[in-house]
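Scroll down for the structure; my scribbles are underneath it.
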There are 2 protein chains.
Amino acid sequence: MTRPADNAEAAGAAEQRREQMLRAALDVIMERGYADTRIADVAEHAGTSPALVIYYFKTRDQLLTEAIGYAEDAWYATGVQRLAAIPAAAGQLTELIAMTCLPDTDPLPRGEWLLWLDLWALSPRNPGVAAVRRKFDERWREAIRTIVLAGQEAGEFSPVDADEFAITLSALLDGMAVQIALDDPDVQPPRAYDLAMRYAAGQLGFDWKPASARDRRSQGRR
Amino acid sequence: MTRPADNAEAAGAAEQRREQMLRAALDVIMERGYADTRIADVAEHAGTSPALVIYYFKTRDQLLTEAIGYAEDAWYATGVQRLAAIPAAAGQLTELIAMTCLPDTDPLPRGEWLLWLDLWALSPRNPGVAAVRRKFDERWREAIRTIVLAGQEAGEFSPVDADEFAITLSALLDGMAVQIALDDPDVQPPRAYDLAMRYAAGQLGFDWKPASARDRRSQGRR
DNA sequence: AAAGTTTGACTGAACATTCAGTCTAGATTG
DNA sequence: CAATCTAGACTGAATGTTCAGTCAAACTTT
């Protein structure tokens with residue numbers, strides 16, 4: 001009944017195995033989609049046997065759900081980290097929008113977004129996934145809200161309603177994410193970024209000029 | 001190889017069978033989700049046997065894909081019809097936004113939106129579904145563009161870039177649709193509607209005052 | 001018009017496959 | 001050696017699809 005690995009010392013090797021499997025699961029999910037992710041695929045990707053996967057995650061659903069949660073937590077964590085390194089609220093908001101619109105991870109460019117699509121499609125019938133999504137959404141919206149309030153405090157932003165702005169912007173970003181995930185030729189990442197930024201800058205009344213095409217990739221992110 | 005029904009007279013009974021099955025498929029998809037829709041379920045829902053379903057739609061995937069296309073076409077058709085009955089561009093845009101934000105079909109309130117989530121999640125790996133989505137998206141965006149251009153022609157709207165507005169608004173509406181589909185308590189239909197309308201009115205510079213709560217349901221739609 | 005013939009809609013019973021999850025026996029480690 | 005871990009083979013259930021026909025209606029032929 002207890003999790004297989006509770007070795008206290010040195011973040012047990014078992015814990016590493018777990019994460020290895022979670023990452024393997026994510027790879028497969030992003031490639032084949034949640035519905036077509038077989039335990040055998042994950043096992044192979046992780047260089048082990050199906051039995052071991054079940055040994056660590058009692059059930060397939062738990063493995064996949066946990067994997068999605070793992071991915072979202074990781075995404076959020078790097079987000080917080082990046083934002084913390086930026087002083088002005090306008091810069092933070094810019095980075096936040098860039099994170100949703102401009103892909104930067106090498107493996108499977110659109111992987112993260114495809115994961116969101118699965119996440120949404122699964123949520124209505126899978127309470128575990130729904131919980132992950134809910135938390136993810138809430139945190140993200142709260143992040144926007146906080147930035148807006150800070151920016152208003154500092155006099156950078158106009159006094160719009162922070163809650164409503166957060167909801168609207170996050171909806172807009174979700175919509176852009178859909179287009180990016182589905183590789184819509186009319187809404188490529190740079191354009192999605194421009195449009196979202198134009199909305200944010202317009203609403204909050206801060207200056208922002210579209211970067212020229214050649215600068216777009218190197219906007220202070222590595 | 002030919003379609004089962006080519007009886008010229010009276011829209012063949014076979015064609016009715018087909019539609020009956022498509023609708024049954026939609027019911028099941030909205031209830032269980034695409035991935036968990038068994039052809040046995042569809043058959044039962046349509047009062048026939050699995051074999052007959054396959055008889056009409058060579059394969060499960062074709063049935064489901066066709067069902068989704070069927071639904072989207074129907075949705076678009078009623079949309080066009082409704083919009084055609086409205087004179088002013090501002091009214092048309094309002095109706096369009098209402099259609100995406102405010103549910104009005106009795107059966108399975110959020111059904112249509114849940115279908116979109118499946119549509120999106122399926123698109124990356126299912127060319128047939130991807131084609132349906134692409135067409136759907138394009139038509140919808142084009143509808144927005146046309147309304148905007150007409151409104152500008154008539155002097156109702158500010159001269160914003162119609163293409164960019166269409167992309168941004170449709171992304172915003174997609175995002176709102178996600179929240180509505182997932183029944184997010186912070187983004188209920190009326191609020192989504194208000195926020196989207198505020199964006200549209202703000203950008204295009206037409207007057208719009210939030211309807212009071214009690215008026216919202218009866219805004220000239222039946 | 002009666003007898004045969006074709007055609008398309010439909011069915012029940014198999015078939016074949018795919019997988020999640022189990023079992024057992026062996027390896028590893030402390 | 002005892003506890004933990006690992007893997008390959010296996011099983012049982014679910015389910016998409018096929019198939020060999022049945023049935024009724026329309027059409028042809030005599």
Side-chain angles (χ1 to χ4, degrees), chain A residues 1-25 28-29 31-68 122 125-126 128-129, chain B residues 1-25 28-29 31-68 122 125-126 128-129:
Chain A
M1 273 303 158
T2 59
R3 296 212 332 274
D6 280 320
N7 305 349
E9 58 271 53
E15 194 56 33
Q16 290 184 352
R17 259 292 199 221
R18 257 187 102 78
E19 292 202 3
Q20 180 190 15
M21 287 181 186
L22 289 175
R23 271 189 283 270
V28 181
I29 293 175
E31 193 183 318
R32 300 228 212 305
Y34 186 103
D36 289 329
T37 294
R38 311 287 158 230
I39 293 186
D41 299 330
V42 176
E44 192 182 0
H45 229 77
T48 68
S49 67
L52 189 63
V53 175
I54 292 295
Y55 175 73
Y56 276 95
F57 307 86
K58 204 61 188 166
T59 148
R60 168 187 182 261
D61 225 62
Q62 183 169 332
L63 162 66
L64 299 187
T65 300
E66 211 164 306
I68 288 184
L122 252 33
R125 291 117 190 164
N126 184 324
V129 173
Chain B
M1 272 304 161
T2 60
R3 297 213 329 274
D6 279 321
N7 304 352
E9 58 270 58
E15 194 56 34
Q16 289 183 353
R17 260 289 199 223
R18 258 186 102 79
E19 291 202 5
Q20 179 191 16
M21 288 181 183
L22 290 175
R23 270 189 284 269
V28 181
I29 293 176
E31 193 183 319
R32 301 229 209 305
Y34 186 103
D36 289 328
T37 293
R38 312 283 160 234
I39 70 178
D41 299 330
V42 175
E44 192 182 358
H45 229 78
T48 68
S49 65
L52 189 63
V53 175
I54 292 295
Y55 175 74
Y56 276 94
F57 307 86
K58 204 60 188 166
T59 147
R60 172 190 117 109
D61 224 62
Q62 183 170 330
L63 162 66
L64 299 187
T65 300
E66 211 165 305
I68 289 185
L122 253 34
R125 291 117 190 165
N126 184 325
V129 173

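None of the values given here were measured: they were computed from a predicted structure. Heavy atoms only: backbone and side chains are in, while hydrogens, waters and symmetry mates are out. Quick note on labels: first sequence line is chain A, next is B, and so on, each numbered from 1.
Remark: B:D36 engages B:R32, B:R38 in a side-chain contact (heavy atoms from CB on, under 4.5 Å) (not counting sequence neighbours). Every side chain to side chain donor-acceptor pair (under 3.5 Å) that A:Q20 has, sequence neighbours left out, goes to A:R17. Applying the salt bridge (Lys or Arg N to Asp or Glu O under 4.0 Å) test to B:E19 and every residue at least two apart in sequence or in another chain returns B:R23.
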- Summary of protein contacts for nucleotides 25-30 of chain C, nucleotide by nucleotide, where a base hit scores B, a sugar-phosphate-only hit scores S (4.0 Å, heavy atoms): ------

- Determine, for nucleotides 11-22 of chain C in 5'-to-3' order, which nucleotides have protein heavy atoms under 4.0 Å from the base (write B), from only the sugar-phosphate (write S), or from neither (write -). BB------SSSB

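Put simply, CZ on B:R18 is 16 Å from P on C:dG8, counting in whole angstrom units. The CD-C1' distance, from B:E44 to D:dA14, rounds to 15 Å in whole Å.
When all heavy atoms of B:L64 and B:A25 are compared, the pair lying nearest together is CD2-CB, 4.4 Å.
Each salt bridge (charged side-chain N to carboxylate O under 4.0 Å, His left out) pair with one or both residues in residues 50-67 of chain B, not counting sequence neighbours, appears once here: B:R18-B:E66.
In B:E44, the CD atom is not crowded: 12 or fewer heavy atoms of neighbouring residues, nucleotides or ligands sit closer than 6.0 Å.
With a 4.5 Å cut-off on side-chain heavy atoms, B:V28 and B:Y34 do not count as touching.
Atoms CZ and CD1, on B:F57 and B:I39 in that order, are 11.5 Å from each other to the nearest 0.5 Å.
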